[in-house]
Engineer: 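Could you have a look at this structure, given as structure tokens, before my questions?
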Amino acid sequence: SFEGRVEVYHDGKWGTICDDQWDDRDAEVVCRQLGLSGNAKALSWAHYGQGSGPILLDEVECSGNELSLDQCKKSDWGQQNCDHIEDAGVSCDPFTGTDLQLYASQMQPVLIPYYTACSADSQSPLQGTVRLAGGRSPSEGRVEVYYNGDWGTVCDDGWTELGAQVVCRQLGFR
């Protein structure tokens, strides 16, 4: 199923989100960021088990209309007053279709790479930034990812419409 503990990637490490202020509007944004639609439900008190490592976000308060968690009101990275018993989770209504069900079976926990397109202190893109290249317009093209100082392509083995939806959302498209 499309459900699990929410983890985010920031500053080279994965971490959990504290469930303070966590509600269905936050879950809706997580599901949207993952390219999923349907009835989003927030789950708290480590419903999907306690994570390990840092708790990276707290006091997340989305309106429900954001494309990703980075657009929501939240604490500063690493600023929290929680234990892993308060790890946030989400449940998103499943899509139908074999490819998407296969993808869903790999979604424990729900991992969300935290990507941004630019850095305030550098002209180079941040690790994991995505772009489209070689298309006829800014909204189409070959998917490229910035990694270790170079832009590289993404292999299409196992590539589905769900992957395309995630990239489009990362780039701010619907």
Engineer: Could you go through R142 and L132, starting from their C-alpha distance and side-chain angles, then the distance that decides it, and tell me whether this counts as side-chain contact (heavy atoms from CB on, under 4.5 Å)?
Structural biologist: CA-CA 5 Å; R142 176 181 62 252; L132 298 177; over 6 Å; no
Engineer: Return the set of residues passing salt bridge (Lys or Arg N to Asp or Glu O under 4.0 Å) with K13 (not counting sequence neighbours), or none when no residue passes.
Structural biologist: none
Engineer: Rounded to the nearest 0.5 Å, what separates atom SG in C62 from atom CD in E28?
Structural biologist: 9.5 Å
Engineer: I'd like to know if the side chain of R5 reaches the main chain of G49, judged simply by a donor and an acceptor atom lying under 3.5 Å from each other, with no hydrogens or angles considered.
Structural biologist: yes
Engineer: Before giving the answer on side-chain contact (heavy atoms from CB on, under 4.5 Å), spell out for W14 and V8 the whole-Å C-alpha distance, their side-chain angles and the decisive distance to 0.1 Å.
Structural biologist: CA-CA 6 Å; W14 287 99; V8 291; 5.6 Å; no
Engineer: With distance as the sole test, does R32 use its side chain to make a donor-acceptor pair with the main-chain N or O of G64 at under 3.5 Å?
Structural biologist: yes
Engineer: Determine, step by step, whether T16 and D87 satisfy the side chain to side chain donor-acceptor pair (under 3.5 Å) criterion, reporting the C-alpha distance in whole Å, the side-chain angles of both residues, the deciding distance to 0.1 Å, and the verdict.
Structural biologist: CA-CA 6 Å; T16 60; D87 284 344; 2.8 Å; yes
Engineer: Hey, could you give me the CD/SG distance between Q80 and C18, rounded to the nearest 0.5 Å?
Structural biologist: 6.5 Å
Engineer: Taking the side chain as everything from C-beta on, heavy atoms only, tell me whether L57 gets closer than 4.5 Å to W22.
Structural biologist: no
Engineer: Minimum heavy-atom separation for Y48 to E3, with atom names?
Structural biologist: OH-OE1, 3.0 Å
Engineer: Find out if a path of hydrophobic residues (ILVMFWY) with successive side-chain heavy-atom gaps under 4.5 Å connects I55 to Y9.
Structural biologist: no
Engineer: Are any side-chain N or O atoms of H84 and backbone N or O atoms of P54, one a donor and one an acceptor, separated by less than 3.5 Å?
Structural biologist: no
Engineer: SG/C82 to CG/D19 distance, rounded to the nearest 0.5 angstrom?
Structural biologist: 7.0 Å
Engineer: May I have the step-by-step check of salt bridge (Lys or Arg N to Asp or Glu O under 4.0 Å) for D58 and K74, ending in yes or no?
Structural biologist: CA-CA 6 Å; D58 192 7; K74 59 193 171 302; over 6 Å; no
Engineer: I'd like to know if the side chain of E144 reaches the main chain of A133, judged simply by a donor and an acceptor atom lying under 3.5 Å from each other, with no hydrogens or angles considered.
Structural biologist: no
Engineer: Between K41 and V90, is any pair of side-chain heavy atoms under 4.5 Å apart?
Structural biologist: no
Engineer: What closest approach, in Å, do S91 and C31 show between heavy atoms, and which atom pair accounts for it?
Structural biologist: O-SG, 4.2 Å
Engineer: Using a 3.5 Å distance criterion without hydrogens, assess whether the side chain of D23 forms a donor-acceptor pair with backbone atoms of R25.
Structural biologist: yes
Engineer: State, with a plain yes or no, whether a side-chain heavy atom of V60 is found less than 4.5 Å away from one of L69.
Structural biologist: yes
Engineer: Give the minimum heavy-atom separation between A42 and A27, together with the two atoms involved.
Structural biologist: N-CB, 3.6 Å
Engineer: What distance do E66 atom CD and Q71 atom CD have between them, rounded to the nearest 0.5 Å?
Structural biologist: 6.5 Å
Engineer: How many angstroms lie between atom CG of D26 and atom CD1 of I17, to the nearest 0.5 angstrom?
Structural biologist: 8.5 Å
Engineer: How many angstroms lie between atom CD of E59 and atom CG of N81, to the nearest 0.5 angstrom?
Structural biologist: 6.5 Å
